[in-house]
Protein chains: 2
Amino acid sequence: MTIAPERTADLYPSRGTSEVITPRKDPVVWSQSGAAGPFQPSELSDFERDGFFAIGELLTADEVAVYRTELDRLVGDPEMRANPRSIVEPKSQSVRSVFEVHKISEVFARLVSDPRVVGRARQILGSDVYVHQTRINVKPGFGASGFYWHSDFETWHSEDGLPSMRAVSVSIALTENFDTNGGLMIMPGSHRHFVGCAGETPKDNYKRSLQMQDAGIPSDEALTKMADKHGIRLFTGKAGSATWFDCNAMHGSGDNITPYPRSNVFIVFNSVENAAVEPFAAPVPRPDYIGAREFTPVR
Amino acid sequence: MTIAPERTADLYPSRGTSEVITPRKDPVVWSQSGAAGPFQPSELSDFERDGFFAIGELLTADEVAVYRTELDRLVGDPEMRANPRSIVEPKSQSVRSVFEVHKISEVFARLVSDPRVVGRARQILGSDVYVHQTRINVKPGFGASGFYWHSDFETWHSEDGLPSMRAVSVSIALTENFDTNGGLMIMPGSHRHFVGCAGETPKDNYKRSLQMQDAGIPSDEALTKMADKHGIRLFTGKAGSATWFDCNAMHGSGDNITPYPRSNVFIVFNSVENAAVEPFAAPVPRPDYIGAREFTPVR
């Protein structure tokens with residue numbers, strides 16, 4: 001007689017035969033109130049309410065220059081272009097994203113362990129944290145596509161195996177985000193419900209979904225209800241500004257026909273108490289440069 | 001011996017072997033200062049400087065409801081769908097625009113001759129005016145494409161034969177224009193230079209260009225210079241708001257992933273003293289439901 005291995009309970013079913021919307025079962029801010037760190041208590045309350053918090057200047061102009069240079073180096077490197085970590089824009093054939101930059105760049109590794117960065121992640125997640133994903137993104141001007149509405153957690157749960165909503169992202173602008181160049185849009189408060197999406201995960205979905213989304217997309221009806229209830233906030237800000245947002249915030253971005261590229265560095269922290277298990281709705285986990293399978297805390 | 005017919009001089013060459021940028025040779029506001037009408041003198045000065053003027057409430061909410069209903073009727077009519085005046089969105093196969101609505105709808109015919117509308121056009125163009133083009137546009141939510149940067153005059157001159165920059169457009173919002181649903185973007189002051197674009201006009205270009213643009217597109221370099229010099233203004237406003245803009249203003253719009261369609265009615269007035277001649281850079285004029293060949297003044 002064999003005993004089936006213990007499976008982690010699936011709190012957030014998705015990719016089934018129909019769309020199911022369920023209330024969030026996890027806290028948003030996991031630390032005790034008053035936990036020391038860069039966030040003020042009122043800022044943590046705002047994050048809890050809205051599912052995001054924007055910081056006007058997380059990095060100085062001098063620091064931005066350093067990260068911009070490093071981004072340009074990675075994106076322009078012909079060897080990196082051939083690396084599976086690099087995602088190429090279908091239309092222009094230029095590099096749109098490079099994953100796991102904290103592993104391949106000392107400069108970005110330092111950013112991840114910067115107390116202004118990891119300190120805030122620890123406050124939100126109430127524990128030590130590890131890096132689930134990093135990437136640099138370039139949305140070139142003159143017509144680069146945007147990203148359709150999605151909850152990151154839906155994918156990280158279904159395809160990477162994060163059990164609970166105990167992960168947080170920070171997107172740090174390395175170019176100015178205008179109201180015209182395809183900035184991040186979030187529905188404030190949308191993090192309090194989980195949209196379990198209809199449709200099975202295709203095999204090797206990640207290869208297509210990083211360029212073009214298919215699985216894990218909410219219905220028009222669900223998006224309409226959520227937008228009517230929550231509204232849509234467009235984020236603008238200088239280079240060096242940052243948006244912290246909950247793993248389950250419904251977000252997306254439009255295309256960019258302006259001449260101004262929108263570049264950022266994106267870091268996802270997960271609690272060490274929420275380490276990835278087997279994917280909840282995919283045959284195998286995505287590659288570890290997209291969803292980490294090693295859970296060493298950031299120090 | 002045959003005598004060649006007299007050709008109108010081409011003040012704005014385009015669609016040649018290379019891109020050529022030339023200063024505007026025409027006034028922006030053609031009426032004497034102080035010409036009576038709905039525009040205040042200071043508003044006409046703003047229009048002259050910026051190439052546009054936005055009006056918070058051109059139509060009342062009750063009027064908007066009437067025009068919205070008429071738009072819905074036309075867009076939803078299966079017969080209209082088969083009419084060549086209707087343009088169908090490639091992705092969703094839904095009707096995106098219907099041309100010449102003032103000819104097929106009494107409701108929109110009344111709007112064209114409304115003194116708040118035609119009165120302003122006469123002030124800008126300094127003469128009696130006729131309708132060069134009308135259309136209703138629906139940019140549905142959930143991913144409708146935008147329109148890339150262009151000067152309308154570049155097309156109206158090259159393909160319809162308008163000799164001079166003596167035409168003006170008004171775009172009247174029939175739904176709210178948010179900062180997130182693909183609103184009109186204009187480069188303020190861009191109307192003072194003409195970008196003569198590189199590339200010959202393909203045969204029957206209009207059939208493709210109304211869905212997807214090819215000819216008449218400025219280079220990345222020209223757009224960068226213009227955006228750096230002028231900036232980019234995104235227009236937002238309630239249903240009933242209107243944007244008047246010069247025929248040579250460089251403008252475009254992004255896509256719309258929000259659930260909120262962006263619908264408007266668009267009217268182009270041309271001066272009766274600037275009536276269309278033979279196209280300046282196309283073998284034959286576009287169909288007259290796109291560019292009028294009949295020049296009866298609006299009364």
Side-chain angles (χ1 to χ4, degrees), chain A residues 90-92 94 139-151 175-188 190 195 212-214 217-237 250-262, chain B residues 91-92 94 139-151 175-188 190 195 197 212-214 217-237 250-262:
Chain A
K91 262 192 223 163
S92 67
S94 60
K139 184 183 273 191
F142 310 113
S145 324
F147 245 84
Y148 199 68
W149 298 106
H150 64 287
S151 147
T175 54
E176 184 158 354
N177 286 0
F178 300 97
D179 59 356
T180 52
N181 63 344
L184 176 67
M185 300 188 281
I186 300 184
M187 300 186 190
S190 59
V195 183
M212 230 173 306
Q213 293 152 300
D214 292 303
I217 296 301
S219 68
D220 290 1
E221 193 193 353
L223 288 173
T224 304
K225 274 190 193 161
M226 294 176 94
D228 285 350
K229 185 172 170 192
H230 301 299
I232 299 172
R233 162 91 181 263
L234 172 68
F235 291 84
T236 57
M250 188 59 67
H251 65 288
S253 61
D255 62 1
N256 177 17
I257 68 165
T258 78
Y260 305 117
R262 198 175 71 85
Chain B
K91 263 192 221 163
S92 66
S94 59
K139 184 184 276 192
F142 310 113
S145 325
F147 244 85
Y148 199 68
W149 298 107
H150 64 287
S151 147
T175 56
E176 183 158 354
N177 286 358
F178 300 97
D179 59 357
T180 53
N181 63 344
L184 176 66
M185 301 189 279
I186 300 184
M187 299 188 191
S190 59
V195 183
C197 299
M212 230 175 306
Q213 295 152 301
D214 292 304
I217 295 302
S219 67
D220 290 0
E221 194 194 351
L223 289 173
T224 304
K225 274 191 193 162
M226 293 175 94
D228 285 349
K229 185 173 171 192
H230 301 299
I232 299 172
R233 162 91 181 262
L234 172 68
F235 291 83
T236 57
M250 187 59 66
H251 66 288
S253 61
D255 62 1
N256 178 16
I257 69 166
T258 78
Y260 305 117
R262 198 174 73 84

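Please read these numbers as outputs of a predicted model, since none were measured by experiment. In the text below, chain A, chain B and the rest are named by the order of the sequence lines, each starting its count at 1.
Taken to the nearest 0.5 Å, the CD1 atom of B:Ile257 stands 3.5 Å off from the CE atom of A:Met185. Atom CG of A:Asp255 sits about 3.5 Å away from atom CG of B:Asp255, to the nearest 0.5 Å.
Taking chain A as the reference chain and counting heavy-atom pairs below 4.5 Å, the highest number among B:Leu223, B:Thr224, B:Asp220 is found for B:Asp220. Chosen from A:Asp179, A:Asn181, A:Asn256, the residue pairing most often with chain B at heavy-atom distances under 4.5 Å is A:Asp179.
In this structure the side chain of A:Phe142 never reaches within 4.5 angstrom of the side chain of B:Trp149, judged on heavy atoms. Between A:Ile232 and B:Phe178, every side-chain heavy-atom pair lies at or beyond the 4.5 Å cut-off.
With a threshold of 4.5 angstrom between heavy atoms, B:Ser253 approaches chain A through N, CA, C or O but not through any side-chain atom.
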